[in-house]
Amino acid sequence: MARVHNFSAGPAALPASVLSKIAAELPDYRGCGMSVLEMSHRSATYQQIFDETEACLRRVLNIPDTYAVLFLQGGATLEFAAIPLNLMRTGRAGYVVSGHFSKKAWQEAAKYGDAVLLASSEGTGFDRIPDLAPVDARCREEQLDYVHICQNNTIFGTMYHELPDTGDIPLVADVSSCFLSFPLDVERYGLIYAGAQKNAGPAGVTVVIIRRDLLEDPALDICPSYLDYRTQDAKGSMLNTPNTFGIYTCGKVFAWIEQTGGLAAMERRNRAKADALYRALDESELFGGTAHPDSRSIANVTFRTPAPELDAAFVAGARARGIEGIGGHRLVGGMRASIYNAVTMDSVETLIDYMHEFEAQHAPSARSR
Ligand SMILES: *Cc1c(COP(=O)(O)O)cnc(C)c1O
């Protein structure tokens with residue numbers, strides 16, 4: 001099996017062993033005479049797959065029983081609407097805008113209530129997480145239904161290294177691109193959500209983890225039934241047909257995480273990969289990291305050369321070497337290496353070797369020689 005070095009931001013690399021397991025089970029799932037793709041979501045066999053998937057996630061992330069776990073559809077983007085539709089009970093919530101997706105979340109929430117902008121780093125091109133002291137201060141002064149953050153900014157390569165102190169106000173976090181990259185203290189949050197396609201499985205599944213007391217009050221009257229967390233919880237995420245194959249695949253990824261040491265081991269490996277890449281960037285005279293050093297992500301490493309033509313040449317040369325998905329997001333250009341759980345150190349070293357090779361040809365000192 002010839003596999004590329006896949007640095008795609010999402011849908012992204014999955015562990016090879018997970019793909020093999022799925023392939024082996026596909027035509028005839030454990031003697032059922034049919035594949036998971038063909039099975040009723042109401043069957044006992046599928047319910048067992050679903051239950052074990054949720055149980056495994058609860059073990060891996062250490063999710064207390066006081067939290068509900070939902071497996072929904074519509075991506076993180078649909079949660080941008082679902083969150084205010086469920087939780088904006090007094091009609092006023094706070095948003096920290098640290099990148100493209102958190103800005104989208106803020107704009108979406110403004111359709112349903114007063115979405116208060118608590119802090120933004122747009123002024124510096126989203127190169128950092130905004131200063132959180134003013135956010136903490138406003139949480140002490142103001143009545144807000146929740147405070148929303150995007151914990152890892154996939155496009156800009158920044159990540160929160162500490163969380164805002166929102167006091168009694170529930171913290172709501174989009175963790176799409178850092179979900180399962182490291183342990184989370186679930187109890188710090190009122191709600192955590194993630195599109196699976198970055199680190200947890202295939203596109204088409206969104207995991208929502210919500211503190212049960214937030215389900216006690218009803219959603220807004222206009223909330224579509226599908227988006228109503230209380231309804232979805234009562235129906236076991238099966239108000240309608242769920243993404244059966246996607247959830248099954250997530251279950252395989254969760255089991256792989258558990259079998260390879262859990263989230264502490266994932267974090268160690270992810271930090272080692274990120275450290276190696278950032279070291280290469282800091283030592284380079286051609287490539288530079290675009291995120292402020294205090295806000296660097298361990299999941300998405302963004303960088304560029306001084307010239308868009310050189311960036312394009314780097315991306316093209318990478319592809320010729322079996323290094324895929326290294327181009328930056330279309331909004332920002334440059335390069336981005338997404339080094340999610342399934343991306344190996346071997347792939348990162350291959351990328352660094354190629355960076356050295358490219359630099360030897362294109363660095364200012366090489367050219368003046
Ligand atoms: C990818 C991503 C999204 C958008 O996810 P969809 O599943 O495409 O809706 C939102 N937030 C973050 C942090 C992301 O990385």
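Given the structure is predicted, the values throughout are model-derived calculations rather than measurements. Quick note: numbers below take in every heavy atom, side chains included, and nothing from hydrogens, waters or symmetry partners. Ligands are counted one by one from 1 in listed order, and the atoms in each one are counted from 1 as well.
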Pairing donors with acceptors under 3.5 angstrom, does anything connect the side chains of Thr45 and Gln48?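 Side chains of Thr45 and Gln48: no pair found under 3.5 Å.
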
Within 45° cone of Phe101 ring axis and under 6.0 Å: Lys198 NZ or CZ: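 Here Lys198 passes the 6.0 Å and 45° test against Phe101.
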
Short N or O separations between ligand 1 and the protein, below 3.5 Å:
| unit_1 | atom_1 | unit_2 | atom_2 | d |
| --- | --- | --- | --- | --- |
| ligand 1 | 7 (O) | Ala76 | N | 3.3 |
| ligand 1 | 7 (O) | Gln197 | NE2 | 2.8 |
| ligand 1 | 9 (O) | Ala76 | N | 3.2 |
| ligand 1 | 9 (O) | Thr77 | N | 2.9 |
| ligand 1 | 9 (O) | Thr77 | OG1 | 2.5 |
| ligand 1 | 11 (N) | Asp174 | OD2 | 2.6 |
| ligand 1 | 15 (O) | Thr154 | OG1 | 2.4 |
| ligand 1 | 15 (O) | Lys198 | NZ | 2.5 |

How are the rings of Phe358 and Phe314 set relative to one another: parallel (under 30°), tilted (30 to 60°) or perpendicular (over 60°)?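 Perpendicular: the ring planes of Phe358 and Phe314 meet at over 60°.
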
Using the ring centroid of each side chain, check whether [X] and [Y] are separated by less than 6.0 Å.
X: Phe179; Y: Tyr193; answer: no
X: Tyr248; Y: Phe50; answer: no
X: His41; Y: Tyr46; answer: no

